[in-house]
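Atoms considered below: every heavy atom in the structure, side chains included; atoms not considered: hydrogens, waters and symmetry mates.
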Amino acid sequence: MRIAVFGKQFGEVFYNACKGLFQILKENKVEVSIYKPFYEFLLTHVKMKPEVSGFFNVHDEIVDADLVFSIGGDGTFLEAVTFVRDKGIPIVGINSGRLGFLADISQGEMKVAIQEVLEGRYSVRQLDLIKLDTGGGHFNDYNFALNELAISKRDSSAMITIHTYVNDDFLNSFWADGLIISTATGSTAYSLSVGGPILHPDSKSFIITPIAPHNLNVRPVVVPNDVEITLKVEGRDSKFLASLDSKSEVFENSVHLKVKKAGFHINVIELEGHSFFTTLRNKLMWGVDKRN
């Protein structure tokens, strides 16, 4: 088996677990390629030198991998997506911290979970992405997002107005600090934090969620993800900020944004006994009596 390992920096609490992970890969004779900056972090901070067969720095250098391991939190997982892109390689999310919906393999279950992965005891779930078109080549060659597109004002100045159309049918002019167009996967991310609904990842929907709207009767709207959403921004400032997951750019108000479902999906592994609802209960601590 060939595995590409992507990761960022993490705290000392995960050092021993990380050493154990690479030991499992070694014992199972896994051929490992690793993100070069992550390898340097392991050498200098974790004081370990994992056995690897090669390195990668950009997405084109990930070749012939059966799986991609993302070691970190959900932010790290989203960055791993930018390396996998449309290759179809399943991603395994290993959580080096606490909260993680995408990186859902916790430190406590990692040893058993990784063995299950190596033995092929998992299913693959396909997650939809959104694609942003501006006609201006923004975000270079990766204008996609697994979680959301977020439009926001650049500073603490007056609110912006986002005129929103669904398949050229006018929906609303949102007078707010910003607007989020979220995938079903991203429903538990930024959209959730500003009052959006939780959707199952297989829901085939987009969520249009305003950020701190001026009108209190404005609420999130769920639409099918086979539509095209057009956004036109105006405000006192001539520019606004647009973010695709962790990537951000400043746009002129004259730029119109068109959002639709991407032409490819991301594959993620789902272990036996794991499900979206299990993750939801665990991460949001539903049913936990905090009085004890």
Quick one: does any side-chain atom of Asn253 pair with a main-chain N or O of Glu234 as donor and acceptor, under 3.5 Å? no
**Glu61, CD atom: more than 12 neighbouring heavy atoms under 6.0 Å** = yes
Between Asp66 and Pro90 the two heavy atoms that sit nearest each other are O-CD, 3.5 Å
- Query: Is a side-chain N or O of Thr44 found less than 3.5 angstrom from the main chain of Glu40, in a donor-acceptor match?
  - Reply: yes
Taking every heavy atom of Ser248 against every heavy atom of Ser243, the minimum-distance pair comes out as OG-OG, 2.7 Å
*Look at atom CD of Glu12 and say whether more than 12 heavy atoms of other residues, nucleotides or ligands are closer to it than 6.0 Å.*
no
Show your working on side-chain hydrogen bond (donor to acceptor under 3.5 Å, both in side chains) between His274 and Thr278 and close with a plain yes or no. CA-CA 6 Å; His274 281 222; Thr278 302; over 6 Å; no
Rounded to the nearest 0.5 Å, the CZ atom of Phe14 sits from the CD atom of Gln107 at a distance of 6.0 Å
Rounding to 0.5 Å, atoms CD1 (Ile105) and CG (Asn95) come to a distance of 9.5 Å
CG (Asn147) and OG1 (Thr188) are apart, to the nearest 0.5 Å, by 6.5 Å
State whether the side chain of Thr164 and the backbone N or O of Ile162 hold a donor-acceptor pair below 3.5 Å, judged by distance alone. yes
Student check: side-chain heavy atoms of Ile160 and Asp177 closer than 4.5 Å: no
When you check the gap from the basic side-chain N to the acidic O, do Arg2 and Glu31 get nearer than 4.0 Å?
-> no
Between Glu252 and Ser238, the two heavy atoms sitting closest are OE1-O, 3.4 Å
Problem - Thr185 side chain to Pro201 backbone, donor-acceptor under 3.5 Å - result: no
Taking every heavy atom of Ala145 against every heavy atom of Thr183, the minimum-distance pair comes out as O-CG2, 4.3 Å
When you measure from the centre of the six-membered ring of Phe55, is the NZ or CZ of Lys36 under 6.0 Å away and within 45° of the axis?
-> yes
*Between the side chain of Arg121 and the main-chain N/O of Leu118, is any donor-acceptor distance below 3.5 Å?*
no
Contacts of His45 meeting ring-ring contact (aromatic ring centres under 6.0 Å, His included) (sequence neighbours excluded), chain-then-number -> Phe41
Separation between CG (Leu78) and CG (Leu244), nearest 0.5 Å, reads 11.0 Å
The ring-ring contact (aromatic ring centres under 6.0 Å, His included) partners of Phe276 (sequence neighbours excluded) come to His200
I'd like to know if the side chain of Asn143 reaches the main chain of Lys131, judged simply by a donor and an acceptor atom lying under 3.5 Å from each other, with no hydrogens or angles considered.
no
Sorted by chain and number, sequence neighbours left out, ring-ring contact (aromatic ring centres under 6.0 Å, His included) with Phe83 holds for Phe6, Tyr35, Phe56
- Any side-chain heavy-atom pair from Asn57 and Pro37 closer than 4.5 angstrom? yes
Using a 3.5 Å distance criterion without hydrogens, assess whether the side chain of Lys260 forms a donor-acceptor pair with backbone atoms of Asn225.
no
Open item on the list: Looking at Asp237 and Lys153, is there a salt bridge between them, counting it only when a charged N and a carboxylate O are closer than 4.0 Å?
Closed with: no
**Report entry** Residue pair Lys247 / Tyr142, side-chain heavy-atom distance below 4.5 Å
**Finding:** yes
### Min side-chain heavy-atom separation Leu43-Lys49 under 4.5 Å
yes
Indicate the ring-plane relationship of Phe264 and Phe144, choosing parallel, tilted or perpendicular according to the 30° and 60° boundaries. perpendicular
Problem - Donor-acceptor contact below 3.5 Å, side chain Glu249 vs main chain Phe139 - result: yes
Counting only N and O atoms by type, is there a donor-acceptor contact under 3.5 Å from the side chain of Ser191 to the main-chain atoms of Ala189? no
In terms of heavy-atom contacts, Lys8 and Glu79 come closest through NZ-OE1, 2.9 Å
- Query: Are Asp226 and Lys261 close enough for a salt bridge, meaning some N to O gap below 4.0 Å?
  - Reply: no
For Asn28 and Gln115, the nearest pair of non-hydrogen atoms, with its separation, is OD1-NE2, 3.3 Å
Taking NZ, NE, NH1 and NH2 as the nitrogens, is one of them in Lys87 or Asp64 under 4.0 Å from a carboxylate oxygen of the other? no
Would you find a donor on one side and an acceptor on the other, under 3.5 Å apart, between the side chain of Asp74 and the backbone of Ala103? yes
Problem - Leu179 side chain reached by Thr209 side chain, heavy atoms, under 4.5 Å - result: no
- Is any side-chain heavy atom of Leu271 less than 4.5 Å from a side-chain heavy atom of Asp104? no
**Item:** Asn267 side chain reached by Ile91 side chain, heavy atoms, under 4.5 Å
**Value:** no
CZ of Phe77 to CG of Asp245, rounded to nearest 0.5 Å, is 11.0 Å
Output for pair (Thr134 OG1, Phe251 CZ), nearest 0.5 Å, gives 5.5 Å
Open item on the list: Would you say that Ile207 contacts Val221 through its side chain, given a criterion of any heavy-atom pair below 4.5 Å between the two side chains?
Closed with: no
